[in-house]
Amino acid sequence: MSYAKTSAMEISVSVAIDGQRVVIDDLVKSVTWSGDTQQSSRKLEVQISNTLNGRTRALNIQKGAEIRFTSKNVELFRGMIFADKIDSKGQMTVTAYDENIFLTKSKDTKKFVKKTATAIIKALCSEFGIPVGTVADTGYIIPKLILRDKTLWEMMVTALTVSYHQTGRKYFIFSKGGKLQLSARKDVVAKINLETGLNIIDASFSSSIEEMRTKVKVVGEVKGGKDAKGNETKQEISATAKNDKLIAKFGLMQHLENMSGDVTKSQIEQRAKELLKQLAVIADDSTLNCLGVDEVISGCAVYAYEPITGIKGGYYVSADSHSWQGGSHTMNITITATDDIPLMEYEPPDEEGASKKSAEKKKKKSKGKKKKKKGPDAAELKVQSILGAKGVG
């Protein structure tokens, strides 16, 4: 079953209905495809005129059905329908998300020991039945990671954050062909020029040093040997990193961080250096409304030039929304000079403290269970009553 394609934009939408893939191009009024680097999945909204005669539905589109969207014969989206809305005139809106939406739909508690972020992601996907495509090797072996009451997305991002703090390498999760993918940021670059007079319709720009820090100090505890009784001792050390040029220009603004758990001196020093790279920057935010380019999505890089706002140079796309309607394709994107990836800081839980509390709780519960003296049952009470009446005691 197929509805003839009438759009001159070379886009196509198909939905799985009763086990068959149905092309619905002739019913589609508009398509909006969007994403954000801080979100686990991309979203697709399709406006459909779901009637041929104004009296009955043309298609029985069900929630849970797979939907695909292509442009110029290239698949841009594959996902599942989560919501729909229709009025009495048959005007329908279908909302779908790619497979990575399931990363936010399950919570669990996990403990990982001596595993890379890559291994953690693969293990979670295997357990929860999430299809996996190409997954890059993050390299760094995380000594221990205890994650309580977290979604799969939060677990994965936490693991990638811990790895990033030690290596400085950035990775991001996305979906392609219905499968989860993990890629190094440097591997996803769109060599696209966006310019006023060429494809930029309008733009805005803002910048701030409110969150800037020009110096970073990291404090942690390292093993210091053993005392006279043979017990391990710990020594507090710190490491600092600073940007002298920014200090001279904007003044000294220091960030302080305490690293929890057993760490090494080199880890503390590395953490200070990586934090300085993140914090010693001028935060800027730019939005561009442009003629649509399929390849420009969150996570990629573009070159942009707009003289009035001062936007000029290479930027990362942190959010995007593409719209196809009435024969035109436009996009609204947020770009930033800094490579924003989702970060979730890890605070190791107090395992020893939690174990002690649990043991104390069990002990108190055990003490509270005192044996009660067993009283006489109904038959015994009746016998005692009769004997009492006869003066037997």
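In this structure, the separation between NZ on Lys176 and CG on Asn100 is 13.5 Å, given to the nearest 0.5 Å. To the nearest 0.5 Å, atom NE2 of residue His255 and atom CG of residue Leu279 are 5.5 Å apart. If you take OG on Ser34 and NZ on Lys43, they are separated by 6.0 Å, rounding to the nearest 0.5 Å. Here the straight-line distance linking atom CG of Leu194 with atom CD1 of Ile333 works out to 5.0 Å at 0.5 Å rounding. How far CD1 of Ile201 is from OG1 of Thr330: 6.0 Å, rounded to the nearest 0.5 Å. Summarising the geometry, atom OG belonging to Ser163 is positioned 10.5 Å from atom CD1 belonging to Ile141; distances are rounded to the nearest 0.5 Å.
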* Asked: After noting the C-alpha distance and the side-chain angles of Thr287 and Ser204, does the key distance pass the side chain to side chain donor-acceptor pair (under 3.5 Å) rule?
  -> CA-CA 5 Å; Thr287 58; Ser204 66; 2.6 Å; yes
* From CA spacing to verdict: side chain to side chain donor-acceptor pair (under 3.5 Å), Ser12, Asp25 -> CA-CA 6 Å; Ser12 181; Asp25 297 345; 3.0 Å; yes
* Leu27 and Leu52: side-chain contact (heavy atoms from CB on, under 4.5 Å), yes or no, with the steps? -> CA-CA 9 Å; Leu27 303 180; Leu52 296 177; 3.9 Å; yes
* Give the C-alpha distance, both sets of side-chain angles, the deciding distance and a yes or no for side chain to side chain donor-acceptor pair (under 3.5 Å) between Glu269 and Ser266. => CA-CA 5 Å; Glu269 291 173 346; Ser266 62; over 6 Å; no
* **Check against side chain to side chain donor-acceptor pair (under 3.5 Å), Gln47 and Thr93** => CA-CA 5 Å; Gln47 301 285 336; Thr93 302; 3.0 Å; yes
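Classified by interplanar angle (parallel below 30°, tilted 30° to 60°, perpendicular above 60°), the ring pair Tyr97/Phe82 is perpendicular.
Aromatic ring centres of Phe172 and Phe174: separated by under 6.0 Å. Here the two rings, on Trp324 and Phe69, have centers that are under 6.0 Å apart.
Across all their heavy atoms, Asp98 and Ser41 have their closest contact at OD1-CB, 3.1 Å. Annotation for Ser298 and Ser318: closest pair CB-O, 3.6 Å, computed over non-hydrogen atoms. Closest heavy-atom contact between Asp294 and Trp33: O-CZ3, 3.8 Å. Among all heavy-atom pairs drawn from Pro307 and Thr196, the shortest one is CD-OG1, 3.9 Å. The heavy-atom pair separating Val293 from His322 by the smallest distance is O-CE1, 3.0 Å. For Lys215 against Leu252, the heavy-atom pair with the smallest separation is CB-CD1, 3.6 Å.
Taking 4.5 Å as the limit, some side-chain heavy atom of Leu343 sits within range of a side-chain heavy atom of Gln278.
Residues satisfying the side-chain contact (heavy atoms from CB on, under 4.5 Å) test with Gln62, not counting sequence neighbours, are Asn60. Applying the side-chain contact (heavy atoms from CB on, under 4.5 Å) rule to Gln91 yields the partners Lys29, Ser49, Asp87, Lys89; only residues at least two apart in sequence or on another chain are considered. Partners of Asn199 according to the side chain to side chain donor-acceptor pair (under 3.5 Å) rule, which considers only residues two or more places apart in sequence or in another chain, do not exist here. Applying the side chain to side chain donor-acceptor pair (under 3.5 Å) rule to Lys234 yields the partners Asp262; only residues at least two apart in sequence or on another chain are considered. Applying the side chain to side chain donor-acceptor pair (under 3.5 Å) test to Tyr171 and every residue at least two apart in sequence or in another chain returns Arg169.
A salt bridge does not link Arg271 with Glu274: every distance from a Lys NZ or Arg NE/NH1/NH2 to an Asp or Glu carboxylate oxygen is 4.0 Å or more. Electrostatic pairing of Glu66 and Arg21 counts as a salt bridge here, judged by a charged N lying under 4.0 Å from a carboxylate O. Note on Asp320 versus Arg42: salt bridge recorded, some NZ/NE/NH1/NH2 to OD/OE distance being below 4.0 Å. Salt bridge absent: Asp108 and Lys150 never bring a charged side-chain N and a carboxylate O closer than 4.0 Å.
No donor-acceptor pair under 3.5 Å is formed between the side chain of Glu195 and the backbone N or O of Leu198. Counting only distance, with no hydrogens or angles, the side chain of Gln20 and the backbone of Ile17 share no donor-acceptor pair below 3.5 Å. At distances below 3.5 Å, at least one donor-acceptor pair connects side-chain atoms of Thr214 with backbone N or O atoms of Gly251. Not one N or O on the side chain of Ser126 forms a donor-acceptor pair closer than 3.5 Å with the backbone of Lys122. In this structure, Thr51 contributes its side chain and Thr56 its backbone to a donor-acceptor pair below 3.5 Å. A donor-acceptor distance shorter than 3.5 angstrom exists from the side chain of Thr336 to the backbone of Asp284, with no hydrogens or angles considered.
Of the residues listed (Leu44, Thr70, Val31, Val46), the one engaging Phe77 in a side-chain contact (heavy atoms from CB on, under 4.5 Å) is Leu44, and it is the only one.
Put simply, Ile209 and Phe205 are part of two different groups of oily side chains (I, L, V, M, F, W, Y) that touch within less than 4.5 Å, one to the next. When hydrophobic clusters are built by joining Ile, Leu, Val, Met, Phe, Trp and Tyr residues whose side-chain heavy atoms come closer than 4.5 Å, directly or via intermediates, Leu147 is grouped together with Leu182. No chain of hydrophobic side-chain contacts below 4.5 Å, direct or via other Ile, Leu, Val, Met, Phe, Trp or Tyr residues, connects Ile142 to Val263. There is a path of hydrophobic side-chain contacts, each under 4.5 Å, that joins Leu76 to Val15. Under the 4.5 Å side-chain heavy-atom criterion for Ile, Leu, Val, Met, Phe, Trp and Tyr, Tyr316 and Ile335 are members of distinct hydrophobic clusters.
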Taking distance alone, no hydrogens or angles, what donor-acceptor pairs closer than 3.5 Å link side-chain atoms of residues 127-138 to residues at least two apart or in another chain?
residue	atom	partner	partner atom	Å
Glu127	OE1	Lys110	NZ	2.6
Glu127	OE2	Lys110	NZ	3.0
Asp137	OD1	Gly139	N	3.0
Thr138	OG1	Ala117	N	3.4
Thr138	OG1	Thr118	N	3.3
Thr138	OG1	Thr118	OG1	3.2

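In this structure, a donor-acceptor pair under 3.5 Å is absent between the side chains of Gln270 and His165.
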